[in-house]
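Data block below; observations after.
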Amino acid sequence: MLDIKMIRDQTDLVKNRLASRHAGDEAKIDEILALDDQRRTALTEVEQLKATRNKVSKEIGALMGQKKIAEADAKKAETKQIGDRISELDKTVESTESARNSKMLEIPNLPNEKVKIGKTAEDNPEIRVHGNKLDYSFKPKTHVELCEKLKLIDFARAAKISGSGYLLYTGWGARLERALIQFLLDLHTTEHGYTEVSPPFMVKAECMEGVGQFPKFKDQYYGIAVGDDTKELGKLYLIPTAETPVANIHREEILKESELPIYYCAYTPCFRGEAGAAGVGTRGMIRVHQFDKVELIKITKPEHGYEELEKLVTNAEKVLQLLGLHYRVIQLCTGDMGFASALTYDIEVWSPGQDQYLEVSSCSNCEDFQSRRMSLRYKTEAGENKFPHILNGSGTALARLFVSLIETHQQPDGSINIPAALQPYLKADKIPCPA
RNA sequence: GGAAGGGUGGCUGAGUGGUUGAAGGCACCUGACUCGAAAUCAGGCCUAGGAGCAAUCCUAGCGUGGGUUCAAAUCCCACCCCUUCCGCCA
């Protein structure tokens with residue numbers, strides 16, 4: 001969330017930057033300020049009353065010690081009334097504070113000043129392109145055709161057991177998925193210096209809130225119940241990305257400056273309701289309710305946040321380079337950025353079968369937006385507590401990577417060539433096409 | 001799920017309802033002593049919110065949330081977590 005002090009002191013700046021997202025959030029700022037003002041008025045008064053009560057209570061203690069019971073009783077009567085007023089004001093402070101905080105949780109992050117002002121994905125600037133679209137001597141098949149022909153995925157039976165939007169990997173398909181996970185984790189841990197973690201796949205609501213998924217996008221995620229116990233429903237949620245558990249690892253901690261930067265990478269499945277997205281690009285593996293992903297997370301000092309983001313993007317790109325895939329890097333404009341992000345690069349890999357680019361990685365610096373929400377700080381050498389920058393990036397999403405990989409490397413005979421970097425993991429140099 | 005025990009500052013560990021934000025110790029920081037270090041001595045050393053230009057002051061916090069009281073780490077209630085044992089289980 002945003003710093004309430006910044007909202008107070010630089011109101012116009014905050015409003016302008018929010019307005020650049022074209023989401024109408026700037027209108028909520030005045031409501032927040034009004035509540036904040038009410039809260040502080042009540043707080044100032046109640047704190048003065050409490051100071052008085054504390055003082056008198058001590059005097060009562062002293063009088064009791066001297067056995068001056070009558071005088072003590074007189075003072076008790078005096079503070080009794082103060083007590084009533086205090087509990088009244090305490091309620092005001094609490095209600096205005098909680099109303100203010102709820103509203104603040106719905107305000108997205110401010111775009112960094114480097115971000116291009118724009119409204120939609122049309123306005124996203126392209127940063128760089130790697131490789132180019134291959135010319136095929138035959139009409140390239142789509143990944144759906146390839147998966148069916150090579151029996152990599154059984155779409156029909158996945159739908160039978162779980163409904164639409166789920167994948168049943170089979171045979172070479174399952175092996176390829178597993179090989180990719182292993183390849184990605186090895187790359188990031190041994191080449192890029194990340195520490196591998198394997199987190200829970202279910203988290204508390206406060207973790208969802210910590211990274212910005214709650215409260216605004218609650219209807220996008222799966223809540224878990226034990227059996228039919230509805231009391232349990234809503235206590236835990238299936239993670240939509242490893243970012244959720246991993247970014248929260250150090251929540252409510254004060255790290256030492258010397259511990260930063262922290263680099264984590266994690267493989268997890270990701271669960272997304274995709275509410276409202278039905279029918280939009282839902283063919284095959286492009287948009288599903290469950291997919292695998294290797295995620296990269298960094299916790300850094302604010303002054304290093306952006307150079308670390310550049311490195312993170314490079315780390316994700318390395319995956320695509322090693323797999324021989326054509327891709328481009330774009331920067332999201334203000335109107336297209338996610339809720340928590342201050343600056344985001346998307347990496348889109350080319351899919352010959354779809355004849356379009358597919359987003360396989362989104363790398364963001366959320367600055368201190370998430371660390372404030374989860375109360376993660378670090379102590380500087382000077383003894384000051386500061387909020388670190390939290391960065392996340394896919395390194396990369398698997399389902400779409402799978403799509404691009406098999407479509408790109410398909411051969412005229414229907415088989416799929418495996419790039420050299422992946423061969424040791426799959427223990428094969430091609431996936432054969434059954435007759 | 002059942003039984004017992006336990007949750008106090010970075011760690012350890014006291015705490016009869018009333019100068020206890022919290023003794024003592026350890027660790028850490030600053031200064032003194034020293035050529036330097038160790039030892040010793042003096043001081044400092046949590047977090048959040050609010051007022052103030054500032055120095056500083058005030059409020060809150062002893063697992064969490066309620067309650068009793070003029071006053072709660074201390075009494076009452078509920079919940080959470082940890083340890084051990086039992087049950088169940090991949």
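Sequence lines set the chain letters: A, B, ... in the order given, protein chains first and strands last, and positions in each chain run from 1. These numbers come from the heavy atoms of this one structure, side chains and all, not from hydrogens, waters or symmetry mates. Keep in mind that what you see is a predicted model, and the values were worked out from it rather than measured.
Taking the side chain of Ser57(A) as heavy atoms from C-beta on, and the options C70(B), G49(B), A60(B), the nearest nucleotide is C70(B). When each of G50(B), A60(B), U47(B) is scored by its nearest atom to the side-chain atoms of Asn385(A), the top-ranked nucleotide is U47(B). Among the nucleotides C70(B), C58(B), A51(B), the one closest to any side-chain atom of Thr44(A) is A51(B).
Taking the six-membered ring for Trp and thresholds of 30 and 60 degrees, Tyr166(A) and His289(A) have ring planes inclined between 30 and 60 degrees apart.
Here Phe387(A) and Tyr378(A) keep their ring centres 6.0 angstrom or further from each other.
At the phosphate of A48(B), OP1 or OP2 sits under 4.0 Å from a side-chain N or O atom of Arg377(A). Using a 4.0 Å cut-off, no side-chain N or O of Arg40(A) falls inside it from OP1 or OP2 of G49(B). Taking 4.0 angstrom as the limit, Asn54(A) places a side-chain polar atom (N or O) nearer than this to OP1 or OP2 of A60(B). Regarding contacts with the backbone of U47(B), a side-chain N or O of Lys379(A) is found under 4.0 angstrom from either OP1 or OP2. Under 4.0 angstrom from either OP1 or OP2 of C70(B) there lies at least one side-chain N or O belonging to Lys80(A). At G49(B), none of the side-chain N or O atoms of Arg8(A) fall inside 4.0 Å of OP1 or OP2 (strictly under the cut-off).
A distance of about 16 Å separates the P atoms of G15(B) and G9(B), rounded to the whole Å. Comparing G52(B) with U34(B), their C1' atoms are spaced 44 Å from each other, to the whole Å. Across the P atoms, U19(B) and A73(B) are found 10 Å apart, a figure rounded to whole Å. To the nearest whole angstrom, the two C1' atoms, one in C53(B) and one in U40(B), are 43 Å apart.
For Glu47(A) and G49(B), a side-chain-to-base donor-acceptor distance below 3.5 Å is present, hydrogens and geometry of angles not being considered.
Among the heavy atoms of the strands lying under 4.0 Å from Ile254(A) are primed sugar atoms or P, OP1, OP2 only; no base atom is included.
Taking a pair to require two hydrogen-bonding distances under 3.5 Å in either a Watson-Crick or a G-U wobble arrangement, U74(B) remains unpaired. When both pairing distances are held under 3.5 Å, C11(B) makes a Watson-Crick or G-U pair with G25(B).
To the nearest 0.5 Å, the span separating CD1 on Ile161(A) from CG on Asp154(A) amounts to 8.5 Å.
Within 6.0 Å of the CD atom in Glu303(A), the count of heavy atoms belonging to other residues, nucleotides or ligands exceeds 12.
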